[in-house]
Asks: 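Below: one structure in structure tokens.
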Amino acid sequence: MARELKEVQGIIFKRQKYKEADLLAKIMTKQDGIITLIVKGALRPKSQLSAATLNFSMGTYVIYTSGHGLSNLRTYKEVKQFDGLYRDLTKNAYTSFIFDLIDHAFVEYQPLGKYCDLAVFALKKIDAGVDNEMITQIVQMKMLSAFGVEPELRHCVICGKERGVFDYSIKLGGIVCSDHFAKVNSRLHLTPKQTAVLRTIGLLPIERLGNIELNSETKKATRKAIDRIYRETIDLNLKTKKFLDEIKLFLSV
């Protein structure tokens with residue numbers, strides 16, 4: 001495919017030094033997927049491209065691309081910075097993990113669709129000061145489908161019951177009702193409320209998710225459950241997750 005100039009709208013979420021004065025920057029876009037850009041001269045003093053490609057910058061970028069491999073950033077338009085993320089290490093760590101998680105679910109140039117909307121939702125909510133932990137858990141539950149392991153949250157995986165008391169089974173891939181608790185050895189032994197939280201954040205569209213206020217005990221339990229689901233179903237070892245866990249341990253979040 002011939003290279004062409006193209007405008008893309010997206011969010012810069014990762015950058016690193018490339019050659020003496022250049023950068024490699026990853027941008028997440030809805031229609032064109034995740035693209036790695038060469039940003040020439042970005043490390044030189046007074047470079048305007050450097051400021052426009054800071055992590056979590058969102059805007060319109062003009063790139064020179066063939067639709068595969070490395071693309072080149074030519075210029076940009078209407079770039080917005082999320083200053084709250086720069087001033088707060090914890091917010092930055094949560095957001096970095098979220099974008100890293102989405103990055104690992106797709107190959108470059110694969111359209112992201114609703115998962116790009118999910119990234120924008122998380123970025124704006126965390127920047128605005130909404131509960132970092134709950135936003136991250138929402139993203140993690142909704143990203144399971146992108147990794148090909150979408151859980152059954154609508155009804156019991158055994159009998160199909162939609163109402164009642166439920167627990168979660170990683171082995172069975174979803175919720176099980178209390179009628180089968182005695183026979184399901186693989187369930188997580190969550191409380192009904194904890195299971196309800198997983199169902200809510202996994203099923204409800206993001207535009208219908210308001211501010212979910214939970215006590216610290218419930219959040220820790222659902223975080224532990226989600227981490228276990230990922231650990232036992234998806235082979236991921238993200239540095240951003242390790243760093244985030246270290247911050248949580250330090251802050252006792």
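Predicted, not measured: the structure shown is a model, and the values here were computed from it.
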Asks: Flag yes if Val130 and Leu118 sit in one hydrophobic cluster, no otherwise; membership is Ile, Leu, Val, Met, Phe, Trp, Tyr, and two members link when side-chain heavy atoms are under 4.5 Å apart.
Replies: yes
Asks: Between Glu162 and Arg154 (salt bridge meaning N to carboxylate O under 4.0 Å), is one present in this structure?
Replies: no
Asks: Answer yes or no: is there a side-chain heavy-atom contact under 4.5 Å between Leu37 and Leu24?
Replies: no
Asks: Before you tell me yes or no, could you show the steps for Asp127 and Lys91 under salt bridge (charged side-chain N to carboxylate O under 4.0 Å, His left out), namely the whole-Å CA-CA distance, both residues' side-chain angles and the distance that decides it to 0.1 Å?
Replies: CA-CA 7 Å; Asp127 182 66; Lys91 286 183 178 182; 5.6 Å; no
Asks: Has the side chain of Lys142 got a donor or acceptor atom that lies under 3.5 Å from a matching backbone atom of Leu204?
Replies: yes
Asks: So, Tyr61 side chain and Ala52 main chain: donor-acceptor pair closer than 3.5 Å or not?
Replies: yes
Asks: Where the side chain of Ser47 meets the backbone of Arg44, is there a donor-acceptor pair that is under 3.5 Å apart?
Replies: no
Asks: Does Lys124 qualify as a cation-pi partner of Phe121, given the criterion of NZ or CZ under 6.0 Å from the six-membered ring centre and within 45 degrees of its axis?
Replies: no
Asks: Got a donor-acceptor contact below 3.5 angstrom from the Gln110 side chain to the Val107 backbone?
Replies: yes
Asks: Should the ring pair Tyr115 and Phe106 be called parallel, tilted or perpendicular, given that the plane angle runs from 0 to 90° and is split at 30 and 60?
Replies: tilted
Asks: Decide yes or no for Tyr94 and Ile247: does some side-chain heavy atom of the first lie under 4.5 Å from some side-chain heavy atom of the second?
Replies: no
Asks: More than 12 foreign heavy atoms under 6.0 Å from CD of Gln31: is that the case here?
Replies: no
Asks: Measuring from Tyr168:OH to Ile226:CD1, what's the distance to the nearest 0.5 Å?
Replies: 9.5 Å
Asks: Side chains of Gln81 and Ser57: donor-acceptor distance under 3.5 Å anywhere?
Replies: yes
Asks: Going through the distances and angles, do Phe243 and Leu89 end up as a side-chain contact (heavy atoms from CB on, under 4.5 Å)?
Replies: CA-CA 11 Å; Phe243 181 62; Leu89 178 62; 4.2 Å; yes
Asks: A side-chain contact here means heavy atoms from C-beta on lying under 4.5 Å apart; do Phe166 and Cys156 qualify?
Replies: yes
Asks: For residues Ile35 and Leu112: do they belong to one hydrophobic cluster (side chain heavy atoms under 4.5 Å, members Ile, Leu, Val, Met, Phe, Trp, Tyr)?
Replies: no
Asks: With heavy-atom distances below 4.5 Å as the criterion, would you say the side chains of Leu236 and Phe147 are in contact?
Replies: yes
Asks: Just do the side-chain contact (heavy atoms from CB on, under 4.5 Å) check on Lys26 and Ile12 with the steps written out, would you?
Replies: CA-CA 6 Å; Lys26 277 195 168 185; Ile12 302 291; over 6 Å; no
Asks: Is the number of heavy atoms from other residues, nucleotides or ligands within 6.0 Å of CD (Gln48) greater than 12?
Replies: no
Asks: Using the rule that two of Ile, Leu, Val, Met, Phe, Trp, Tyr join whenever any of their side-chain heavy atoms come within less than 4.5 Å, decide whether Leu144 and Leu101 are in one cluster.
Replies: yes
Asks: Calculate, to the nearest 0.5 Å, the distance between atoms NE2 and OG1 belonging to His189 and Thr195 respectively.
Replies: 11.0 Å
Asks: Atom NE2 in His180, atom CG in Leu172: separation rounded to 0.5 Å?
Replies: 10.0 Å
Asks: Under 4.0 Å between a Lys/Arg side-chain N and an Asp/Glu carboxylate O for Asp32 and Lys6?
Replies: yes
Asks: Of Gln194, Gln137, Glu133, which is the lone residue that meets side-chain hydrogen bond (donor to acceptor under 3.5 Å, both in side chains) with Thr222?
Replies: Gln137
Asks: Find the distance between OG1 (Thr60) and CD (Glu7) and round it off to the nearest 0.5 Å.
Replies: 6.0 Å
Asks: Say you draw a straight line from CD1 of Ile234 to CE of Met143; how long is it, rounded to the nearest 0.5 Å?
Replies: 8.5 Å
Asks: Are side-chain heavy atoms of Ile126 and Asp131 found at a separation under 4.5 Å?
Replies: no
Asks: Taking side chain as C-beta onward, heavy atoms only, is Met134 less than 4.5 Å from Ile201?
Replies: yes
Asks: Is any side-chain N of the basic residue among Lys241 and Asp245 closer than 4.0 Å to the acidic one's carboxylate O?
Replies: yes
Asks: Compare all side-chain heavy atoms of Phe82 with those of Lys80 and state whether any distance is below 4.5 angstrom.
Replies: yes
Asks: Can you see which heavy atom on Leu73 is nearest to which on Val62, and at what distance?
Replies: CD1-O, 3.5 Å
Asks: A quick test of your reading: do over 12 heavy atoms of other residues, nucleotides or ligands sit less than 6.0 Å from CG of Asn215?
Replies: yes
Asks: Would you kindly check if the NZ (Lys) or CZ (Arg) of Arg187 is within the cone defined by 45 degrees around the ring axis of Phe181 and under 6.0 Å from the six-membered ring centre?
Replies: yes
Asks: Quick one, Thr95 with Asn92, criterion side chain to side chain donor-acceptor pair (under 3.5 Å). Give me CA distance, side-chain angles, the key distance, then yes/no.
Replies: CA-CA 5 Å; Thr95 310; Asn92 196 295; over 6 Å; no
Asks: Between CD1 of Ile38 and NZ of Lys19, what distance do you get to the nearest 0.5 Å?
Replies: 6.5 Å
Asks: Please report the C-alpha distance between Val197 and Leu190 in whole Å, then the side-chain angles of each, then the deciding distance to 0.1 Å, and finally whether the side-chain contact (heavy atoms from CB on, under 4.5 Å) criterion is met.
Replies: CA-CA 10 Å; Val197 171; Leu190 300 174; over 6 Å; no
Asks: For Tyr109 and Ser71, what are the C-alpha separation, side-chain angles and deciding distance, and is it a side chain to side chain donor-acceptor pair (under 3.5 Å)?
Replies: CA-CA 11 Å; Tyr109 296 96; Ser71 298; 2.7 Å; yes
Asks: Flag yes if Val79 and Ile27 sit in one hydrophobic cluster, no otherwise; membership is Ile, Leu, Val, Met, Phe, Trp, Tyr, and two members link when side-chain heavy atoms are under 4.5 Å apart.
Replies: yes
Asks: Determine whether more than 12 heavy atoms belonging to other residues, nucleotides or ligands lie under 6.0 Å from atom CG of Asp235.
Replies: no
Asks: Any ion pair linking Asp22 and Lys17 (charged N to carboxylate O, less than 4.0 Å)?
Replies: no
Asks: I'd like to know if Ile98 and Met141 are part of one continuous hydrophobic network [Ile/Leu/Val/Met/Phe/Trp/Tyr, side-chain heavy atoms within less than 4.5 Å].
Replies: yes
Asks: Could you report the tightest heavy-atom contact between Val139 and Ala122, atom names first, then the distance?
Replies: CG2-CB, 3.9 Å
Asks: Check the pair Leu54 / Tyr86 against side-chain contact (heavy atoms from CB on, under 4.5 Å), numbers first and verdict last.
Replies: CA-CA 10 Å; Leu54 292 173; Tyr86 299 117; 3.3 Å; yes
Asks: Which atom pair, heavy atoms only, marks the closest approach of Ser96 to Phe56?
Replies: OG-CZ, 3.6 Å
Asks: Does any non-hydrogen side-chain atom of His155 lie less than 4.5 Å from one of Ile175?
Replies: no
Asks: Please name the pair of heavy atoms, one in Thr29 and one in Gly10, separated by the smallest distance, quoted to 0.1 Å.
Replies: CG2-CA, 4.2 Å
Asks: Heavy atoms only: give me the nearest Arg3-Ser66 pair and the separation to one decimal.
Replies: CG-CB, 3.6 Å
Asks: Please identify which of these residues, Arg15, Glu108, Lys14, meets the side-chain hydrogen bond (donor to acceptor under 3.5 Å, both in side chains) condition with Thr36.
Replies: Glu108
Asks: Which pair of non-hydrogen atoms, one from Leu188 and one from Ala225, has the smallest distance, and what is that distance?
Replies: CD1-CB, 3.9 Å
